[in-house]
Every structure is written in C-alpha cells, then in structure tokens.
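Read through the structure below, which is laid out as structure tokens, and then see the notes.
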Amino acid sequence: MGLLNIFRGWKNATQTETADIIDEPVVDPALFMDTEDPGVQASSAREEEAGRIEKFLRVDYEWYGYSEGYATPSADFLEVKLRTIRNRFRTEVDKCLDERRVDISELKLHRIRMKGISEIIQKEIEEKLGHLESEVQELERQKVLSVDDEGLVSCPVTLYRLGFMRGVERYNLEKLLAPSTGLFKQNFGK
C-alpha cells in the first residue's frame, strides 16, 4: 500500500506545479508594439504585382518541356502546351495592365485634388503618370509580340520547345531503340 501512496503523492505534486505555471499570464510584447514599418505592407503588395511577369519568366520551362516531352511525345501536345504558355503570359500581362490602369486613375484623381497646392507635387505626379503610361505601352507591346512568340514570351516558348524535343529524343532512345538491342529483354524459362 505504501508504494501506491508514493505515486499518489507524486501525482499531487505535479498537479500543483502545473497549476502554478498556468496561473501566470504571459503577454507577448509584439501585441503592443509595431515592429514593421507601415509602408512595408504596401510595398510588398506592389513588389508582388511587379514581379508577376518576372515570376512567370523564371519558371524552368526547359525542364517542364523535357519531362512532358518524355511523358507525352506528341506534336499536338506540344502545340497545346505552347499555346498554354502564351495564354498564361497574356493573362499575367493583362493583370499587370489592369493594376497599372488603376494606379493611373488614382494618380489622376490625386492630381486633381492637389491642383493649386504645390507646383512640385504637380510635377512629381506628372512624372509618375508618364512612367506608368510608358509601362502600359510596353506591356501592350509585349502582349502583341507574344502572338508570334516574340518579345518576353519568346524565351519560355523556345526553352519549352527545346526541352520537349530533348524529352522526345530521350523517349525514343529508351522506348523505341533500346529494346531492339536486346538489353532489356527478359528470358523467362528459356
């Protein structure tokens, strides 16, 4: 019986220790302090939007082409995938265009509100508007060029096609030419 009392005493001691720990409130100091600059959130959203096309261009299209060419060696499949790359590029360009146009309209409204207050502010707004409008023109030009696989989309299309051709070549070597050498034949019961 003495052995059971030892365990009961240990259980009661641990319950009191955990009760003492739970009773102490812990307050996170970050709850009351701003650790980030207020402009960081706006700039990170802007960087995400600005990097939209850059992210699209950074994809390893050659690897995707290689793996898909090996898995599906078909000219029709290649054309569908190239059309998909072009369409995705145009979609990303359209999203950037929409965002630039919203920025332009907001700046124009801001210019109207600031009219007559400061000549320097007016010039800064005009400069920013000019920059945004030139970005819109360049994005429109890239969209038109993408129809003929030119401009920024030419690199992803070319890399995908190159990878696809290498994947088909590898498929042909392994599946069509290698079995005829007898390397992969199995002798069952012969």
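The structure presented is a predicted model; accordingly, all values stated were derived computationally and were not measured.
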Under a 4.5 Å cut-off applied to non-hydrogen side-chain atoms, are [X] and [Y] in contact?
X   : Y    : result
L78 : Y160 : yes
I53 : V93  : yes
T72 : Y171 : no

Looking at [atom1] of [X] and [atom2] of [Y], how far apart are the two atoms once the value is rounded to the nearest 0.5 Å?
X    : Y    : atom1 : atom2 : answer
I125 : I120 : CD1   : CD1   : 12.0 Å
L152 : R141 : CG    : CZ    : 8.5 Å
K175 : Y70  : NZ    : OH    : 4.0 Å
R52  : D94  : CZ    : CG    : 11.0 Å
Q137 : L132 : CD    : CG    : 11.5 Å
S105 : L109 : OG    : CG    : 6.0 Å

Nearest non-hydrogen partners of G151 and S154, listed with the distance:
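Result for this residue pair: O-OG, 2.8 Å.
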Restricting to pairs with a member in residues 112-124, which pass side chain to side chain donor-acceptor pair (under 3.5 Å), not counting sequence neighbours?
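Those involving residues 112-124 do not exist here.
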Under a 3.5 Å cutoff, is there a donor and acceptor pairing between the side chains of H131 and E135?
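Their side chains do contain a donor-acceptor pair, which is all the 3.5 Å distance test asks for.
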Going by salt bridge (charged side-chain N to carboxylate O under 4.0 Å, His left out), name the residues that satisfy it together with R86, two or more places apart in sequence or in a different chain.
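Here the qualifying residues are D149.
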Please enumerate all residues that pass salt bridge (charged side-chain N to carboxylate O under 4.0 Å, His left out) together with D98, with sequence neighbours excluded.
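Testing D98 for salt bridge (charged side-chain N to carboxylate O under 4.0 Å, His left out), a comparison that skips the adjacent residues, returns none.
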Are there more than 12 heavy atoms of other residues, nucleotides or ligands under 6.0 Å from atom OH of Y64?
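No, the 6.0 Å shell around OH holds no more than 12 heavy atoms from other groups.
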Following the transitive rule for hydrophobic clusters with a side-chain heavy-atom cut-off under 4.5 Å over Ile, Leu, Val, Met, Phe, Trp and Tyr, establish whether [X] and [Y] coincide in one cluster.
X    : Y    : result
Y61  : W63  : yes
V157 : V147 : no
L57  : L145 : no
V59  : F56  : yes

Contact list for residues 103-124, test ring pair (Phe, Tyr, Trp, His ring centres under 6.0 Å), sequence neighbours left out:
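Found none.
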Strictly by ring pair (Phe, Tyr, Trp, His ring centres under 6.0 Å), give each pair with a member in residues 136-157 just once, sequence neighbours left out.
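Found none.
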When the side chains of residues 162-170 are checked against the rest of the protein, which donor-acceptor pairs come out under 3.5 Å, sequence neighbours left out?
| unit_1 | atom_1 | unit_2 | atom_2 | d |
| --- | --- | --- | --- | --- |
| R166 | NH1 | E62 | OE2 | 2.9 |
| R170 | NE | E174 | OE2 | 2.8 |
| R170 | NH2 | E174 | OE2 | 3.2 |

If the test is salt bridge (charged side-chain N to carboxylate O under 4.0 Å, His left out), which one of R100, R101, R90 qualifies with E140?
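Option passing the salt bridge (charged side-chain N to carboxylate O under 4.0 Å, His left out) with E140: R101.
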Does the side-chain contact (heavy atoms from CB on, under 4.5 Å) test come out yes or no for Q142 and V153, once each step is laid out?
CA-CA 8 Å; Q142 289 299 324; V153 79; over 6 Å; no
